[in-house]
Amino acid sequence: MKKIILFASILTAGLCLSSCEDFLTEENPNAIPVTSYFATENDVERAVNGAYLALRSDYCMGEGSTAYTEERSDNTGRLDNQSASGEPFQFTNFALLPSNTYLKSHWDAMFQAVTNSNFALLGAETVSFDDEEDQKNYMAEARFVRALAYFDIVRKWGDAPLVDTYLSTPAEITAHTYREDKAKVYQLIVDDLKYGLEESTLPDLTSEGEKGHACKAAMSGLLGKVYLTMAHVLEDGNSNTYLNNALTYLLQCYNMRTFTNLSEITYDDDASTGLYAVANKSTCPEIIFQIVYIQGDKDYYSSVAVDNQSKGISINSQYVSTGMGTYVNPDLVKEYEDGDARKDYSVTYAPSYSSWNITKFRDTSDAAGTLGYGGNDWIILRYADVILMLAEAYNELGQTSQAISYLNQVRERAGLADYNTSLQNADYAALCPTLKRAILHERRVELAFENQRWYDLLRFFTTDELITYMHSKDGDDYGISNLQNFSSKDIYYPIPYDEWKLNNEGMYQNPGY
């Protein structure tokens, strides 16, 4: 963690100590001390943008981060266990080693987002603002990014270093190189999101030109998801309180929507109503928070359409793919019900490799061209997710009629019968023996490939239940990964070896590694 706490582009040699002689007083012209960087409000804005930019990394939360989440779940996997020394395969095979370099890169990128957020907060506290509301809004945005990053960190590693201020010296970094109890991490996340909701004047929803920035709907929706998670992972006797808090903030987010029924937004790439239409990405009322990519730009384009496309398939992009794309586990394909409109849009069979691939993210426009410089944004939070979390929270609190009503909203858009009618179908009743399992099923097919499934499994099952669930699956429907490898140790990732070395006691390893 030492190397990522430092904001390299700002500090570089600026932290070097002066020699014992006092005659050299000139400042290094190639290094800007942190104390001198922030002079205007524009400097703060740039620092906030730097926090958002950190999220975009494929090693952090960008569109290429699915190896850390989707491949960890039962949705996608690999048919190749040799590429990159086999390290990517370790995630889906539940054979992850603390020395895995992809794991270390993920850790570094997540804490880089935290560091950039703390740097922006330092600037907001340093600069004199003409309008105090502007200061609070910048702080709310930085704290939102920090909360978003820490929410992923705590769900993947549990106890984690808790850094809520910018660290500018090696001594400060060393002093923070230890893990804090996950309850404290969750409390920081809650505090950060509540700050934005209570102290800022950010809009409920971002305008078309401000996509990729935080808004109050994103804060309340994320806070609802945080409380849902806390209800299942914090054994402090406050589960019902957390569930009720989740319901409060999820409803707050839901009531900020600008559409009436979810079915007004189609689950396709229709330019006028489609959820996944590149041309519609800045105006689609379902999307609450997204990471923005720029169509046709050689540096900031989206490659998600190209990366998922297999040889011989042209649904995703004009780019002529030569590889196999992203392998979709047949286990997921089999879970789609007959008549579910989401199946044909989300996946297709690729004869070249006799496998299923993702077609959910597409950009075949001339603007993206044959190089595949797509314009897809990466969706972090959308209203179908919020609606299904409302169903989940109501069900957990025993209010089943309300839970079913929200579940049915999502099923209606997919062209499926409502929950009670579907129970008359023997296949559905077997797949969804309880309302809780019906909600989990709906989340899987609705949010497939959007980095939600792994976290859903952790939330819906106890550790023993999840082991039983994973072991009960047909290994033939899971590529070449061995589901029998899954055990209680796989609930969390190992602490990267290089981090553990910094402080063997304070950076204690997770059990089983």
Side-chain angles (χ1 to χ4, degrees), residues 48 51-52 55 61 117 133 136-152 154-155 185-207 210-232 234 238 240-260 262 265 284-291 379-397 399 402-403 405-406 409-410 439 443 447 450-452 455-456 459:
V48 171
Y52 285 119
L55 295 177
M61 296 179 65
S117 300
E133 288 187 356
K136 290 182 177 180
N137 288 346
Y138 282 133
M139 293 181 70
E141 290 191 78
R143 293 182 72 163
F144 172 80
V145 174
R146 185 170 70 183
L148 195 61
Y150 258 125
F151 190 35
D152 260 23
V154 75
R155 287 182 293 176
V185 180
Y186 277 107
Q187 188 58 58
L188 176 67
I189 296 168
V190 168
D191 290 344
D192 279 347
L193 294 173
K194 283 187 174 180
Y195 177 89
L197 289 169
E198 297 169 3
E199 300 295 332
S200 79
T201 56
L202 292 173
D204 288 351
L205 295 163
T206 51
S207 62
E210 290 296 315
K211 295 300 179 182
H213 286 263
C215 62
K216 290 195 173 182
M219 293 171 181
S220 55
L222 181 60
L223 186 51
K225 185 175 287 190
V226 170
Y227 274 124
L228 265 184
T229 305
M230 292 169 67
H232 294 282
L234 297 185
N238 293 317
N240 275 3
T241 299
Y242 296 143
L243 288 171
N244 279 296
N245 287 345
L247 198 58
T248 296
Y249 287 103
L250 290 170
L251 285 171
Q252 186 179 106
C253 176
Y254 181 71
N255 290 332
M256 291 176 183
R257 74 194 190 284
T258 58
F259 59 91
T260 302
L262 191 63
I265 307 158
C284 178
E286 184 176 342
I287 302 175
I288 303 171
F289 181 72
Q290 67 232 70
I291 296 175
I379 301 172
I380 301 296
L381 184 65
R382 60 184 176 92
Y383 269 110
D385 184 4
V386 172
I387 290 168
L388 289 172
M389 284 192 288
L390 281 167
E392 180 183 343
Y394 274 120
N395 183 55
E396 291 289 331
L397 290 168
Q399 301 178 51
Q402 291 95 326
S405 70
Y406 283 104
Q409 282 194 46
V410 179
I439 296 168
R443 287 188 63 82
L447 301 166
E450 296 182 32
N451 284 353
Q452 300 294 334
Y455 297 133
D456 290 346
R459 197 169 66 247

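Along the sequence shown, residues carry numbers from 1.
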Mind listing the closest non-hydrogen atom pair of [X] and [Y] along with its distance?
{"X": "Ala217", "Y": "Cys253", "result": "O-SG, 3.3 Å"}
{"X": "Ala403", "Y": "Ala391", "result": "CB-O, 3.2 Å"}
{"X": "Ala393", "Y": "Leu247", "result": "CB-CD1, 4.0 Å"}
{"X": "Met256", "Y": "Leu205", "result": "O-CD1, 3.2 Å"}
{"X": "Gly196", "Y": "Ala140", "result": "CA-CB, 3.7 Å"}
{"X": "Pro285", "Y": "Thr258", "result": "CB-OG1, 3.5 Å"}

Return the [atom1] to [atom2] distance between [X] and [Y], rounded to the nearest 0.5 Å.
{"X": "Ile387", "Y": "Ile439", "atom1": "CD1", "atom2": "CD1", "value": "13.0 Å"}
{"X": "Met230", "Y": "Tyr242", "atom1": "CE", "atom2": "OH", "value": "4.0 Å"}
{"X": "Glu392", "Y": "Leu397", "atom1": "CD", "atom2": "CG", "value": "10.5 Å"}
{"X": "His213", "Y": "Leu202", "atom1": "NE2", "atom2": "CG", "value": "10.5 Å"}
{"X": "Ile291", "Y": "Ile379", "atom1": "CD1", "atom2": "CD1", "value": "11.0 Å"}
{"X": "Lys194", "Y": "Ser220", "atom1": "NZ", "atom2": "OG", "value": "13.0 Å"}

[X] (side chain) donor-acceptor with [Y] (main chain) under 3.5 angstrom:
{"X": "Arg146", "Y": "Ala142", "result": "no"}
{"X": "Lys211", "Y": "Thr206", "result": "yes"}
{"X": "Tyr249", "Y": "Met219", "result": "no"}
{"X": "Lys216", "Y": "Leu197", "result": "yes"}
{"X": "Arg257", "Y": "Phe259", "result": "yes"}

_Candidate pair Lys136 and Thr201, rule side chain to side chain contact (heavy atoms under 4.5 Å, CB included), full reasoning_ = CA-CA 8 Å; Lys136 290 182 177 180; Thr201 56; over 6 Å; no
_Could you work out, with salt bridge (Lys or Arg N to Asp or Glu O under 4.0 Å) as the rule, every residue matching Arg443, not counting sequence neighbours?_
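Arg443 satisfies salt bridge (Lys or Arg N to Asp or Glu O under 4.0 Å) with Asp385, Asp456 once adjacent residues are dropped.
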*Is any side-chain heavy atom of Asn255 less than 4.5 Å from a side-chain heavy atom of Gln252?*
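Heavy-atom side-chain distance check fails, nothing below 4.5 Å.
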*Would you check if Leu243 and Asn240 make a side-chain contact, meaning some heavy-atom pair closer than 4.5 Å?*
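In contact.
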*Would you check, one step at a time, whether the test side chain to side chain contact (heavy atoms under 4.5 Å, CB included) holds for Leu447 with Arg382?*
CA-CA 10 Å; Leu447 301 166; Arg382 60 184 176 92; 3.4 Å; yes
*Run the side chain to side chain contact (heavy atoms under 4.5 Å, CB included) check on Gln452 and Lys225 step by step: do they pass?*
CA-CA 11 Å; Gln452 300 294 334; Lys225 185 175 287 190; 2.8 Å; yes
*Can Asn244 and Tyr227 be counted as having a side-chain donor-acceptor contact under 3.5 angstrom?*
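Checked: Asn244/Tyr227 side chains show no N/O donor-acceptor pair below 3.5 Å.
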*Have Asn137 and Glu133 got a donor and an acceptor in their side chains that come within less than 3.5 Å?*
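Result is no, nothing qualifies.
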_From CA spacing to verdict: side chain to side chain contact (heavy atoms under 4.5 Å, CB included), Leu250, Tyr254_ = CA-CA 6 Å; Leu250 290 170; Tyr254 181 71; over 6 Å; no
_According to side chain to side chain contact (heavy atoms under 4.5 Å, CB included), who are the partners of Ala147, at least two apart in sequence or on a separate chain?_
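Ala147 satisfies side chain to side chain contact (heavy atoms under 4.5 Å, CB included) with Ile189, Asp192, Leu193 once adjacent residues are dropped.
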*Any idea how Phe289 and Phe144 line up, ring-wise: parallel (<30°), tilted (30 to 60°), or perpendicular (>60°)?*
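Perpendicular: the ring planes of Phe289 and Phe144 meet at over 60°.
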*If the plane angle is over 60° it's perpendicular, under 30° parallel, otherwise tilted; pick one for Tyr186 and Phe151.*
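Correct class here is perpendicular.
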